[in-house]
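Working notes, structure below.
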There are 2 protein chains.
Amino acid sequence: MAIHYPNGKAYAPKKELLKISKKDYSFSNRGKTLEDELNEANEYYLSNDIAVIYKKPIPIQVVKVDYPSRSGAVIKEAYYRTPSTTDFNGVYQGKYIDFEAKETENRTAFPLKNVHLHQMEHMNRVLKQNGVCFLLVRFSAFDRYFYLPFAQLQLFWERMQTGGRKSIALTEFEEQAIEITPKYAPRIDYLKIVNNLNA
Amino acid sequence: MAIHYPNGKAYAPKKELLKISKKDYSFSNRGKTLEDELNEANEYYLSNDIAVIYKKPIPIQVVKVDYPSRSGAVIKEAYYRTPSTTDFNGVYQGKYIDFEAKETENRTAFPLKNVHLHQMEHMNRVLKQNGVCFLLVRFSAFDRYFYLPFAQLQLFWERMQTGGRKSIALTEFEEQAIEITPKYAPRIDYLKIVNNLNA
């Protein structure tokens, strides 16, 4: 049975409208955090047997735990600890994958204070073990995503340490990083870049 | 200057005593949990540029956080979540390493209820991606350690699922797993087994 609206006409969705709506659904991040988007990519990889990559849990120091019932423990006092590694790691076709993901509201540059020294040290160690290591940056204002191999990141880090600028310009990302163009599924297909760079 | 004790004699440690004390220090686990021992091995690997392997933080669902002062956040209500993966992962000479570690007080067998279905599924996926995957078991009563490759673990798991015994006998470990003999540093050198099996 056709649904009739108050104007007496049967409802017929306009094709153009549908298209836009579909585009919105598939290509917009719809206010998601970069972490959400990467978790979705990782779920896609996992369920399609493409890769096994997870975000690590945030390290928490538990101080006090109550056991109010049989249902289980309730943590009553705990503190966030500083992670000593990166956010994501896993395996893809025999390769060890390890990366940090950051988003910035900044429109011209990515401030390097978002990356910590211990993370740089960690990624350096991973590289020595022949792991695949990179920084994934989202410029949220433009919905643009960049894959910066660790070797490149290290050069910018050294520039900062020798008195140079404390950020990486968006123009530098355009020149030296690999841009990830959002697509349907997964939206942020970063393993495609891993493929291209490590083939 | 020599130190003189109330008996008037200079202090001279007995060689024999020193020997025993050194042996205690180096080969005994001194009441440590298996997790502590593996963290020590991983620290050894890390500081000697041998491998980059960490225990993952326990996943915790944070419900309520207070900010009592500038010093930082205090978690006031949180719950333990079930981990969806294994305890340890990382990279060793380009190889992705992923394993679960369990100790048992049982003197004759390792009960398979200590391993969860989602962990088996995770390790199966890792194996498909050509990761190195295994179970590390300590029989605490005897201070004996076994490295059981995932492929072997899977056979025991299938035996259980088809109505067979719900545990792996110690004698089966002796036959089908690789025993790790504790040594000086690191005490539990599991990467040596990885080397031998994946050379």
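Numbered from 1 within each chain, the chains take letters A, B, ... in sequence-line order.
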Same apolar cluster (I L V M F W Y, side chains within < 4.5 Å links), [X]/[Y]:
X      : Y      : value
A/Y44  : A/Y147 : yes
A/F173 : A/Y190 : no
B/V115 : B/F99  : no
B/F146 : B/M120 : yes
B/F134 : B/L117 : no

I need the [X] [atom1] to [Y] [atom2] distance, nearest 0.5 Å.
X     : Y      : atom1 : atom2 : result
A/L46 : B/R125 : CG    : CZ    : 4.5 Å
A/K76 : B/K76  : NZ    : NZ    : 9.0 Å
B/T85 : A/K56  : OG1   : NZ    : 10.5 Å

Would you mind checking which part of [X] comes under 4.5 Å of any heavy atom in chain B, side chain (CB onward), backbone (N, CA, C, O), both or neither?
X      : answer
A/I97  : neither
A/V132 : neither
A/V63  : neither

Most contact-rich option vs chain A, by heavy-atom pairs under 4.5 angstrom, among B/S84, B/G94, B/G131, is B/G94
Considering all heavy atoms, the nearest B/Y79-A/A73 contact
CD2-O, 3.6 Å
Looking only at non-hydrogen atoms, find the nearest pair between A/P57 and B/P59 and report the distance.
CB-CA, 3.8 Å
Could you tell me if the side chain of [Y] sits less than 4.5 Å from the side chain of [X], heavy atoms only?
X      : Y     : answer
A/Y54  : B/N89 : no
A/I60  : B/I58 : no
A/V52  : B/Y96 : no
A/N130 : B/V91 : no

Test log, rule side chain to side chain contact (heavy atoms under 4.5 Å, CB included), inputs B/V74 and A/E77:
CA-CA 7 Å; B/V74 182; A/E77 186 186 346; 4.2 Å; yes
Between A/Q129 (side chain) and B/Q93 (backbone), is there a donor-acceptor pair under 3.5 Å?
yes
Counting only heavy atoms not in A/K192, do more than 12 fall under 6.0 Å of its NZ?
no
Electrostatic pair A/D49:B/K128 at N-O distance under 4.0 angstrom
yes
